[in-house]
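Below, chain A is the first sequence line, B the second, and so on; all start at residue 1.
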2 protein chains.
Amino acid sequence: MAESSSPDVRTTAEAWESLFRTQVAVMRRMQQLPEFKKLAMREYDVLFNLSLCPGGWSRLNELNEALLISQPSLSRMVDRLEKKGLVLRRTAQNDQRGIEISLTDEGRALQKNIGREHVKHLHSMLAPLLTEDEFGQLRGLTDKLHSGLKND
Amino acid sequence: MAESSSPDVRTTAEAWESLFRTQVAVMRRMQQLPEFKKLAMREYDVLFNLSLCPGGWSRLNELNEALLISQPSLSRMVDRLEKKGLVLRRTAQNDQRGIEISLTDEGRALQKNIGREHVKHLHSMLAPLLTEDEFGQLRGLTDKLHSGLKND
DNA sequence: TCAGTTTACATGCATTTGCATTCACTGTCG
DNA sequence: CGACAGTGAATGCAAATGCATGTAAACTGA
């Protein structure tokens with residue numbers, strides 16, 4: 001079996017660029033879907049991340065780490081989502097400075113609705129392009145990158 | 001050799017989610033780098049895409065397809081980049097409605113500078129996480145997705 | 001050829017974003 | 001304790017963004 005040397009700069013950069021461009025191509029197609037007329041992509045992203053939260057409540061700063069927007073932007077986005085009745089906000093128990101956020105029933109329902117369409121479109125877009133095994137490999141590789149980045 | 005069936009909905013969705021979350025994790029780390037104090041990420045992205053353009057000139061709508069921002073946003077971003085002396089803008093030859101954009105020398109130099117740092121940081125972030133072969137596999141898979149999406 | 005449609009980009013305007021800063025609470029060290 | 005640095009979120013304000021629309025050029029088909 002051939003040995004795989006430590007990757008050089010060119011290899012990592014080209015792999016990243018390919019990944020990034022693929023993400024852009026998929027996102028552009030997603031953004032145009034009718035579901036995202038109801039709720040902006042970035043707002044959906046907040047609901048989606050909240051839906052993954054084990055206890056249902058997430059700290060604002062923790063949530064922020066999973067998003068590409070700034071802390072003040074998220075703070076105000078949560079304001080808006082709260083006014084729309086999609087999320088709840090409460091002061092954190094252990095730290096009076098912090099706040100915790102969770103989905104309302106309505107927010108959870110909306111996330112599920114949009115998520116379902118989301119997944120359906122993803123499948124119709126992507127499924128023809130790789131085999132089941134290849135998707136598994138892809139996921140294995142990106143999971144490895146993702147988990148490697150978390151502890152740095 | 002095992003046969004790989006057509007991928008199911010869950011498989012494609014999970015692979016996408018993993019890819020997307022990895023992209024977010026990398027981007028968050030990139031955004032904080034000092035190079036992006038000079039020029040916003042999105043503006044760099046425009047310069048980068050122009051730098052790839054074979055003839056040096058790119059149509060606005062063509063450029064827009066490689067980005068996640070709206071057409072009016074790009075139109076005004078090009079205004080700003082032009083005022084900063086980083087890009088040139090001219091009316092397209094064959095179509096008086098269209099405009100073509102290219103980097104100035106200064107724009108090209110800035111893109112190269114930022115790009116160099118960009119790549120260096122990418123490498124230090126990612127290289128320890130996969131082998132050379134794995135980066136090759138990753139690139140192969142995302143290239144396949146990307147090229148499959150272009151012709152739809 | 002010329003009305004009707006489509007395509008490419010620009011603009012008006014309300015909303016959202018980010019940066020810098022502030023405010024409130026926490027933790028530390030003398 | 002009590003000043004002081006550190007942390008988490010909110011706010012003022014200028015800049016950037018998107019949607020809807022406008023303008024102009026290019027197609028299209030009687």
5' to 3' contact window, DNA chain C with chain B (heavy-atom distance under 4.0 Å):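 Counting from the 5' end, contacts occupy C:dT7 to C:dC13.
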Would you list the protein and nucleotides 11-13 of chain D atom pairs, both N or O, that sit under 3.5 Å from each other?
unit_1 : atom_1 : unit_2  : atom_2 : d
D:dG12 : O6     : A:Arg76 : NH2    : 2.6

Quick test: give all pairs of protein nitrogen or oxygen and nucleotides 22-25 of chain D nitrogen or oxygen below 3.5 Å, distance rounded to 0.1 Å.
none

In whole angstrom, give the distance that lies between atom [atom1] of [X] and atom [atom2] of [N].
X: A:Ile99; N: D:dT7; atom1: CD1; atom2: P; result: 19 Å
X: A:Leu74; N: D:dA10; atom1: CG; atom2: P; result: 9 Å
X: A:Gln32; N: D:dC19; atom1: CD; atom2: P; result: 10 Å
X: B:Leu39; N: D:dA15; atom1: CG; atom2: P; result: 16 Å
X: B:Arg80; N: D:dA14; atom1: CZ; atom2: C1'; result: 13 Å

Closest contact, heavy atoms only, [X] versus [Y]:
X: A:Asn64; Y: A:Ile69; value: ND2-O, 2.9 Å
X: A:Met27; Y: B:Phe20; value: CE-CE1, 3.0 Å
X: A:Pro7; Y: A:Thr12; value: CB-CG2, 3.9 Å

Is it true that a side-chain atom of A:Asn49 and a backbone atom of A:Asp45 form a donor plus acceptor pair closer than 3.5 Å?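 Yes.
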Do side-chain atoms of A:Ser102 reach the backbone of A:Leu88 as a donor and acceptor pair under 3.5 angstrom?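 Pair absent, no side-chain N/O of A:Ser102 close to backbone of A:Leu88.
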Side chains of [X] and [Y] in contact at under 4.5 Å (non-hydrogen atoms):
X: A:Arg89; Y: A:Glu100; result: no
X: B:Leu110; Y: B:Ile114; result: yes
X: A:Lys84; Y: A:Glu106; result: no

Checking salt bridge (charged side-chain N to carboxylate O under 4.0 Å, His left out) for the pair A:Arg97/A:Asp95: CA distance, chi angles, key distance, verdict? CA-CA 5 Å; A:Arg97 294 168 301 181; A:Asp95 188 341; 2.8 Å; yes
Mind checking what makes side chain to side chain contact (heavy atoms under 4.5 Å, CB included) contact with B:Asn113, not counting sequence neighbours?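 Counting only residues at least two positions away or on another chain, B:Asn113 forms a side chain to side chain contact (heavy atoms under 4.5 Å, CB included) with B:Arg116.
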By side chain to side chain contact (heavy atoms under 4.5 Å, CB included) - contacts of B:Arg108 (at least two apart):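 Partners of B:Arg108 under the side chain to side chain contact (heavy atoms under 4.5 Å, CB included) test: B:Leu103, B:Lys112.
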So, taking the atom named CG in A:Leu86 and the one named CZ in A:Arg80, what distance separates them when rounded to the nearest 0.5 Å?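 If we round to the nearest 0.5 Å, A:Leu86:CG and A:Arg80:CZ are 12.0 Å apart.
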Please report the C-alpha distance between A:Thr22 and B:Thr142 in whole Å, then the side-chain angles of each, then the deciding distance to 0.1 Å, and finally whether the side chain to side chain donor-acceptor pair (under 3.5 Å) criterion is met. CA-CA 6 Å; A:Thr22 302; B:Thr142 52; 4.5 Å; no
Between residues 40-66 of chain B and DNA chain C, which residues have a heavy-atom gap below 4.0 Å?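 Hits under 4.0 Å, by residue number: B:Arg59, B:Leu60, B:Asn61.
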Assign B:Ile69 to base, sugar-phosphate, or nothing according to its heavy-atom contacts below 4.0 angstrom with the strands shown.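 Since only primed, P, OP1 and OP2 atoms lie under 4.0 Å of B:Ile69, the category is sugar-phosphate.
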